[in-house]
Amino acid sequence: MSKIKVITPVVELDGDEMARVMWGWIKEKLILPYLDIDLVYFDYHLNNRDATENRILYDAAEAIKKYRVGAKCAAINPDQKRVEEYGLNKAWKSPNSGTRNQIGGTLFRQPIVFENIPRLIPGWKKPIVVARHAFGGMYGGTDMSIPGEGKVTLNFIPAGKGASKQEEIYEYKGPGVALGIYNTEESVRGFAMSCMNFGLERGYPVYLGTKNTELEHYDGLFKNSFDELYETRFREQFESKGIAYEHRMVDDLAAFAVKSSGGFVWACKNYDGDILSDLVAAGFGSLGLMTSMLLTPDGKTVLTEAAHGTVTRHFREHQAGKETSTNPIASLFAWTRAIYYRGLFDGTPEVQKFAIALEQACFDTVESGRMTKDLALLTGANTWLTTRQFLQEIKSTFEANNS
Ligand code: NAP
Ligand code: MG
């Protein structure tokens, strides 16, 4: 096969431990032999983050903003134990939120579904993509304990001219608690844009769940932003793909999701998204099959990654010279999804086709019974391949499919 030319570079963020080992194998075995690609490399190895005093996170985010496509390997989020283990100057802030916050956008968590891998919720035949609005709500909230009898009010004091506002929240007869949360039109509208752009590109309907009957203004902002954006900019394009956007009550939507066969984007407010992304991940079964993608509101910048961590326990075995059976699929899809979007943004369908063909080879391999231990155990099998054998099978399948 002759190599396919990729016009614009992809930003590669390398990581730690077993995830790093697999990341390198995937690149050497399944990416570089087939693509003529310029990778702008940043090493998030914990010692390198320490040596650069975490500046590498900011440099990498700037590169992603410039080239618009990044793929990230899992990296350690250091705690005090890691500081000792790696001899660090300090427990640097998370490599994930650091990069994400600088790029902005919405995180889409997406499972990879194989016909022969049983799910905890067997009715889920297609992915449910959870989109979490990672701004404001409970996470930016201010809470307070109330010592006794009295009143809590909500006040708005305008910075310039204009009327102030005041609402009574509750009149306490005894001790209790109170909570203040906020959001902004800009952020909610950006979230709506990301969700619509993602659904359109993926060909999935988009469902937003809120409780706007209870929170007319707060949840109303979510509902109204999505409604308005859909009507003014997306309805026609959605309908031409046979999909739609719908708002539902969040509790109805939760019941619908469990009974559904999947195949939609579930747009969640921040707290809902925290819970539901873990619920959906558990329902689909394996951490090794969950990917994440950050997409900016304009739909023009993406950062892909596996949702699992650095798989430390397996790395210890690898360090001891043993072959492990760690699942590389989510890491492989971090590569292929980045390459897919690179092709989309560059207008090079042959690059997109390569990404899809490599994903197809992975589907064919697993669905013909060749897989790593985590998946084999789910199917009840008692034999499995090592990571390296599995990657070799994908490579052979890819070459056989495309010869
Ligand atoms: P983890 O690396 O996801 O691993 C937890 C366990 O899940 C593993 O021990 C393994 O179970 C199973 N597992 C996860 N991924 C697997 C795969 N690809 N194939 C097979 N089994 C897999 O989570 P952790 O141990 O809590 O975290 C380890 C390090 O990763 C931490 O330092 C954390 O900061 C970092 N982390 C990074 C990210 C990120 O960069 N996005 C996300 C989460 C965690 P068995 O041991 O039973 O085989
Ligand atoms: Mg969570």
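Residue numbers start at 1 and run along the sequence shown. Order of appearance sets the numbers: ligands from 1, and atoms from 1 within every ligand. Fair warning: this is a prediction, and the values are worked out from it, not measured in the lab.
- Close approach of ligand 1 to T312 (heavy-atom distance below 4.0 Å) involves ligand atoms 28 (C), 29 (C).
- Heavy atoms of N327 found under 4.0 angstrom from ligand 1 belong to the backbone as well as the side chain.
- Checking atom 5 (C) of ligand 1 against the protein gives no heavy-atom contact under 4.0 Å.
- In this structure, atom 46 (O) of ligand 1 has a protein heavy-atom contact shorter than 4.0 Å.
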Practice prompt. Show your working on ring pair (Phe, Tyr, Trp, His ring centres under 6.0 Å) between F191 and F226 and close with a plain yes or no.
Written response: CA-CA 9 Å; F191 175 52; F226 275 73; 5.5 Å; yes
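- Atom CD in Q352 sits 11.5 Å away from atom CD1 in I339 (nearest 0.5 Å).
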Discussion item. Could you walk me through whether R82 and E85 satisfy the salt bridge (charged side-chain N to carboxylate O under 4.0 Å, His left out) test, starting with their C-alpha distance in whole Å, then the side-chain angles of each, then the deciding distance to 0.1 Å, before giving a yes or no?
Written reply: CA-CA 5 Å; R82 296 296 200 174; E85 182 188 348; 3.0 Å; yes
Item to complete: Please report the C-alpha distance between E115 and K125 in whole Å, then the side-chain angles of each, then the deciding distance to 0.1 Å, and finally whether the salt bridge (charged side-chain N to carboxylate O under 4.0 Å, His left out) criterion is met.
Response: CA-CA 8 Å; E115 272 171 21; K125 307 279 186 219; over 6 Å; no
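- Under 4.0 Å from ligand 1, not a single heavy atom of K373 appears.
- Using a 4.0 angstrom heavy-atom cutoff, K72 counts as in contact with ligand 1.
- For atom 34 (O) of ligand 1, the protein comes within 4.0 Å by at least one heavy atom.
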Practice prompt. Test salt bridge (charged side-chain N to carboxylate O under 4.0 Å, His left out) on E305 and R100 and set out the steps.
Written response: CA-CA 11 Å; E305 64 179 312; R100 269 183 222 138; 3.3 Å; yes
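- At least one side-chain heavy atom of T99 sits less than 4.5 Å from a side-chain heavy atom of Y44.
- Counting atoms of ligand 1 from 1 in the listed order, those under 4.0 Å from a heavy atom of E305 are 41 (N).
- Electrostatic pairing of E62 and K65 counts as a salt bridge here, judged by a charged N lying under 4.0 Å from a carboxylate O.
- Looking only at heavy atoms of the protein, atom 44 (C) of ligand 1 is closest to G309 CA, 3.4 Å.
- Within 6.0 Å of the NZ atom in K27, the count of heavy atoms belonging to other residues, nucleotides or ligands exceeds 12.
- D252 and K211 are not joined by a salt bridge, as no carboxylate oxygen comes within less than 4.0 angstrom of a charged side-chain nitrogen.
- Among all protein heavy atoms, the one lying closest to atom 11 (O) of ligand 1 is H314 NE2, 4.3 Å.
- Closest to atom 29 (C) of ligand 1, if we only count protein heavy atoms, is T310 OG1, 3.1 Å.
- Protein heavy atoms come within 4.0 Å of atom 18 (N) of ligand 1.
- When heavy-atom distances to ligand 1 are checked against a 4.0 Å cut-off, R313 comes that close only through its side chain, counted from C-beta outward.
- Taking a cut-off of under 4.0 Å to the non-hydrogen atoms of L287, the atoms of ligand 1 that pass are 3 (O), 7 (O), 14 (C).
- Here is the list of ligand 1 atoms found below 4.0 Å of a heavy atom in N96: 38 (C), 39 (C), 40 (O), 41 (N).
- Shown here, atom 38 (C) of ligand 1 is in close reach of the protein: a heavy atom of it lies under 4.0 Å off.
- By the criterion of a heavy-atom distance under 4.0 Å, both the backbone and the side chain of N77 are placed next to ligand 1.
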Worksheet item: Please walk me through it: do E216 and N212 pass side chain to side chain donor-acceptor pair (under 3.5 Å)?
Response: CA-CA 5 Å; E216 184 194 343; N212 69 311; over 6 Å; no
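- Rounding to the nearest 0.5 Å gives a distance of 8.0 Å between CG of N197 and CZ of R233.
- Put simply, the side chain of K93 never gets that close to the backbone of P78: no donor and acceptor are under 3.5 Å apart.
- No heavy atom of E17 sits closer than 4.0 Å to any atom of ligand 1.
- Ligand 1 has no nitrogen or oxygen under 3.5 angstrom from a nitrogen or oxygen of G288.
- Closest to atom 40 (O) of ligand 1, if we only count protein heavy atoms, is A75 N, 2.9 Å.
- Looking at heavy atoms from C-beta onward, R235 lies in side-chain contact with E239 at the 4.5 angstrom threshold.
- Atom 22 (C) of ligand 1 has its nearest heavy-atom neighbour, among I76, V311, D16, in V311.
- Residue contacts with ligand 1: R82 is included, with a non-hydrogen atom under 4.0 Å away.
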